[in-house]
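One structure is given here, and the rest of the page talks about it.
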Amino acid sequence: MSKPFAGVKVLDFTRVLAGPYASYQLALLGADVIKVESREGDDMRYGNRANDWEKRGLAAPWIAVNAGKRSITLDLKKPKAIEAIKRLAAKADVVIENFRPGVMTNLGIGYETLRVLNPKLIYCAVSGFGQVGPQARTAAFDGMIQAMSGLMSITGFENNGPTRVGFAGADVMSGATAALGVASALFQRTHTGKGQLVDVAMIDAVMGYLAQQFTEHLVTGRVHGQAANLSVTRKPTGNLFKTKDGWIVLAVMTDPQFQRLMKEVGRADALADPRFVDWPTRIENNTALHEIIEEALKGETSATWTARFAKSDIPAGQVLSIPETVQLDLFQHRTVLQTVDTPHGPIRVVGSGFRLEHGGGSVERSPATLGEHTDEVLAEAGYSPAEIAGMREAKIV
């Protein structure tokens with residue numbers, strides 16, 4: 001069954017996480033993503049744990065966002081390598097890069113150059129602050145953008161100060177935004193016939209995910225503080241609670257749910273308490289209500305409460321570790337976790353975060369070793385075996 005981006009060729013210059021995450025989403029959905037690496041390879045290939053996968057140049061963090069791509073090596077400081085890139089770009093649908101603005105232009109393969117060779121080319125540039133503006137050429141990294149975007153100011157507990165989210169959130173949000181931008185440009189090209197520049201600023205991307213917080217501030221003036229584990233609704237029953245053996249998060253947001261919750265935890269008497277008669281009073285008396293609920297929850301395990309709440313239609317989730325999450329039965333019925341065969345044995349990777357009835361996301365090839373597909377990709381661009389051998393001897397590839 002044909003995938004959404006079958007036949008789409010992507011020339012991928014991205015490194016580390018934000019850019020590779022974007023091109024990985026396209027690869028999952030059928031695009032032929034050709035990862036252009038230096039002769040030394042993407043730094044992420046080798047990690048810092050010195051396990052067998054890292055020694056092969058296939059570190060797990062690299063595999064996570066590069067599986068399914070083809071890999072070629074080119075020394076972009078050499079003219080013949082630039083010539084090869086131009087030949088490849090002339091036949092590509094998408095170029096995606098996350099260098100600092102100006103780097104690709106200085107190499108002679110920036111958007112303005114490549115668009116002349118291929119007017120239908122979609123060129124996606126991911127950077128910290130975009131291609132225009134006073135900070136356009138400022139280098140940016142995930143933590144820096146988390147700090148400047150406002151994300152850290154609303155994360156964590158007040159007594160601990162601003163807090164980063166527990167993953168490279170700015171990188172991943174930027175990558176997802178870039179993938180959406182490229183998909184949008186590809187669709188637009190179907191009725192305009194034109195390529196275009198997709199300019200993704202990481203700080204814009206994160207702000208896009210914080211639309212509620214920014215819009216509320218812009219409209220009402222509210223300044224959001226650190227949310228700790230409280231729901232953005234500020235309702236006290238959308239929070240983290242301790243149980244007998246761990247933690248559970250309640251997502252009780254309606255009055256019927258609140259009534260069922262208090263009955264299930266054996267505190268139906270609290271429903272008549274004037275401090276908890278409606279959401280404004282419950283919010284005002286958040287601490288007292290939290291103590292009442294948590295005291296009850298400490299009597300049973302998280303698993304017990306989760307099962308009981310499910311039967312009573314009370315939204316709640318047990319706090320699980322990553323090893324516990326991957327063992328959930330539900331993944332036997334989903335496609336997000338996939339097994340990929342490699343020469344070193346099967347591995348499991350994370351695929352698309354959604355399913356399509358017709359041709360959804362999947363990894364179709366083993367993660368590429370450095371430069372594994374150089375010869376075949378250059379041959380597709382019209383280079384002869386002798387020319388490729390000469391490029392290899394000259395250390396161009």
Side-chain angles (χ1 to χ4, degrees), residues 146-147 149-167 169-170 172-173 176-177 205-243 246-298 302 305-320 325 330 353-354:
Q146 285 199 39
S149 66
L151 179 58
M152 287 178 62
S153 74
I154 62 171
T155 306
F157 295 80
E158 290 185 2
N159 58 339
N160 291 334
T163 306
R164 291 170 69 155
V165 298
F167 68 110
V172 171
M173 294 176 201
T177 300
V206 176
M207 287 177 69
Y209 278 84
L210 301 182
Q212 285 185 310
Q213 288 78 12
F214 274 97
T215 303
E216 187 171 8
H217 170 68
L218 293 168
V219 172
T220 71
R222 179 186 170 192
V223 178
H224 292 74
Q226 290 168 271
N229 289 304
L230 190 64
S231 162
V232 294
T233 65
R234 298 180 62 222
K235 292 181 177 179
T237 47
N239 209 338
L240 178 74
F241 295 85
K242 191 168 182 56
T243 66
W247 302 89
I248 196 168
V249 170
L250 296 179
V252 173
M253 300 296 161
T254 69
D255 275 311
Q257 290 171 352
F258 178 72
Q259 293 168 15
R260 293 196 297 272
L261 169 67
M262 302 314 292
K263 292 175 182 176
E264 189 65 49
V265 300
R267 291 303 307 266
D269 60 296
L271 295 173
D273 192 316
R275 297 176 297 172
F276 313 131
V277 294
D278 55 24
W279 290 115
T281 59
R282 293 166 199 158
I283 290 172
E284 185 178 349
N285 296 285
N286 181 2
T287 301
L289 181 57
H290 192 283
E291 291 175 352
I292 288 172
I293 295 171
E294 189 163 85
E295 186 60 34
L297 294 181
K298 287 180 179 178
S302 297
W305 283 120
T306 301
R308 287 177 58 174
F309 290 155
K311 290 180 181 179
S312 300
D313 194 22
I314 298 167
Q318 183 178 351
V319 177
L320 302 176
T325 296
L330 67 89
F354 59 89

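Heavy-atom basis, side chains included; hydrogens, waters and symmetry copies ignored. Just so you know, these numbers come straight off a predicted model, no measurement behind them.
- With hydrogens and angles ignored, the 3.5 Å screen pairs a side-chain donor or acceptor of Gln226 with a backbone N or O of Thr155.
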side-chain contact (heavy atoms from CB on, under 4.5 Å) evaluation trace for Thr243 with Lys298: CA-CA 4 Å; Thr243 66; Lys298 287 180 179 178; over 6 Å; no
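- Smallest separation of non-hydrogen atoms from Leu297 and Phe241: CD1-CB, 3.5 Å.
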Worked check of side-chain contact (heavy atoms from CB on, under 4.5 Å) between Tyr209 and Leu151: CA-CA 9 Å; Tyr209 278 84; Leu151 179 58; over 6 Å; no
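- A donor-acceptor pair is defined here as one N or O able to donate and one able to accept, closer than 3.5 Å; such a pair exists between the side chain of Arg260 and the backbone of Asp313.
- Contact record, Ser149 with Phe214: O-CZ, 3.2 Å, taken as the closest heavy-atom pair.
- Of the possible donor and acceptor atoms, none in the side chain of Arg282 sits under 3.5 Å from a partner among the backbone N and O of Arg275.
- Judged by distance alone, with hydrogens and angles left aside, the side-chain atoms of His224 form no donor-acceptor pair with the main-chain N or O of Ile154 at under 3.5 Å.
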Pair Met262-Leu289, side-chain contact (heavy atoms from CB on, under 4.5 Å): steps then yes or no: CA-CA 10 Å; Met262 302 314 292; Leu289 181 57; 4.3 Å; yes
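- With Thr281 contributing its side chain and Asp278 its backbone, the two residues share a donor-acceptor pair below 3.5 Å.
- Remark: side-chain polar atoms of His290 are not paired, donor with acceptor, to backbone N or O of Asn239 under 3.5 angstrom.
- The nearest pair of heavy atoms linking Thr215 to Ala211 is OG1-O, 2.7 Å.
- Checked by atom type and distance alone, the side chain of Gln257 never pairs as donor or acceptor with a backbone atom of Val252 at under 3.5 Å.
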